[in-house]
Amino acid sequence: MQLVVARIGRAHGIKGEVTVEVRTDEPELRLAPGAVLATDPSSVGPLTIATGRVHSGRLLLRFEGVADRTAAEALRNTLLIAEVDPEELPEDPEEFYDHQLIDLDVVTRDGTAVGRITEVSHLPYQDLLIVARPEGGEVMIPFVTEIVPEIDLEEQRAVIDPPPGLLDEGQAEIASSREDN
């Protein structure tokens with residue numbers, strides 16, 4: 001299974017380093033020197049990480065065969081993709097890969113069916129579970145412990161404790177109109 005682990009940003013300096021937007025909770029594992037990553041677009045890769053370091057709070061990577069700023073700048077906006085065993089679990093039991101969450105049934109604490117997770121949206125400020133409602137439309141549920149206290153992979157369900165208004169029809173209609181645009 002392939003997971004997007006980073007997006008390449010701008011070039012840094014003149015020796016081929018790039019900034020990266022990390023999209024994994026395990027950068028020390030996925031973005032370590034020697035890691036070979038597929039890319040999107042695929043014509044750019046695969047890329048092998050030669051070096052990595054943190055500078056001013058940002059991860060900088062240099063890839064084998066990328067020796068100058070021009071070559072580094074050509075990689076901008078490329079997605080870095082790691083091959084991961086689908087049975088592999090994150091080290092932290094409170095973390096999940098997107099593929100583990102897709103298709104889970106969503107129920108409230110009292111067992112009321114809410115829908116099924118169709119997508120996990122990673123926004124800069126918040127991860128959202130996109131849930132298709134049985135009656136049509138979808139609802140966006142912030143993926144935080146206060147609202148999603150339980151993920152049961154064995155039972156294939158996510159238990160939610162929604163705040164007032166989250167599951168109102170108006171919310172589903174707003175999400176439904178988002179699909180139409």
Please step through side chain to side chain contact (heavy atoms under 4.5 Å, CB included) for the pair Ile141 and Val106, ending with a clear verdict.
-> CA-CA 10 Å; Ile141 299 176; Val106 179; 4.3 Å; yes

Tell me, with the steps shown, if Thr78 and Asp40 meet side chain to side chain contact (heavy atoms under 4.5 Å, CB included).
-> CA-CA 6 Å; Thr78 298; Asp40 182 8; over 6 Å; no

Decide side chain to side chain contact (heavy atoms under 4.5 Å, CB included) for Ile81 and Leu37; before the verdict, give the C-alpha distance in whole Å, the side-chain angles of both, and the deciding distance to 0.1 Å.
-> CA-CA 5 Å; Ile81 302 166; Leu37 302 167; 5.9 Å; no

Go through the steps to decide whether Arg109 and Val159 satisfy the test side chain to side chain contact (heavy atoms under 4.5 Å, CB included), and finish with yes or no.
-> CA-CA 6 Å; Arg109 284 187 186 264; Val159 177; 4.0 Å; yes

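No side-chain heavy atom of Asp68 sits under 4.5 Å from any side-chain heavy atom of Ile14. Taking the side chain as every heavy atom from C-beta outward, Leu104 and Ile151 approach each other to under 4.5 Å. Here the side chains of Phe96 and Val120 are not in contact, with every heavy-atom distance at 4.5 Å or above. Side-chain contact between Arg116 and Asp103 is present, with at least one heavy-atom pair separated by less than 4.5 Å. Using a 4.5 Å cut-off on side-chain heavy atoms (C-beta onward), Pro163 and Glu146 make no contact. Side-chain contact between Val5 and Val20: absent, with no pair of heavy atoms (C-beta onward) separated by less than 4.5 Å. Using a 4.5 Å heavy-atom threshold, the side chains of Leu167 and Val139 count as touching. Within the 4.5 Å cutoff, side-chain heavy atoms of Leu80 are placed close to those of Ile8.
Using modelled atom types, no side-chain atom of Thr108 and backbone atom of Ile160 make a donor-acceptor pair closer than 3.5 Å. Within the 3.5 Å criterion, the main-chain N or O of Leu153 finds a donor-acceptor partner in the side chain of Gln156. Checked by atom type and distance alone, the side chain of Asp110 pairs as donor or acceptor with a backbone atom of Thr112 at under 3.5 Å. In this structure a side-chain-to-backbone donor-acceptor pair under 3.5 Å is missing from Arg7 to Glu21.
Applying side chain to side chain contact (heavy atoms under 4.5 Å, CB included) to Glu138 and the options Ile130, Leu129, Ile117 leaves one that passes, Ile130.
Here Leu79 contributes atom CG and Ser42 contributes atom OG; the two are 11.5 Å apart, rounded to the nearest 0.5 Å. In this structure, the separation between CG on Asp161 and CG on Leu166 is 10.5 Å, given to the nearest 0.5 Å.
Heavy atoms of other residues, nucleotides or ligands lying less than 6.0 angstrom from CD1 of Ile147 number more than 12.
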Side chains of residues 49-66: which donor-acceptor pairs under 3.5 Å do they make with residues two or more places apart or in other chains?
from	atom 1	to	atom 2	distance (Å)
Arg53	NE	Glu17	OE2	2.8
Arg53	NH2	Glu17	OE1	2.9

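Using a 4.5 Å cut-off between side-chain heavy atoms of Ile, Leu, Val, Met, Phe, Trp and Tyr, with links allowed through other members, Val18 and Val44 fall into the same hydrophobic cluster.
With respect to Asp105 and Arg157, no salt bridge is recorded, no charged nitrogen being found less than 4.0 Å from a carboxylate O.
Smallest separation of non-hydrogen atoms from Val148 and Pro142: CG2-O, 3.7 Å.
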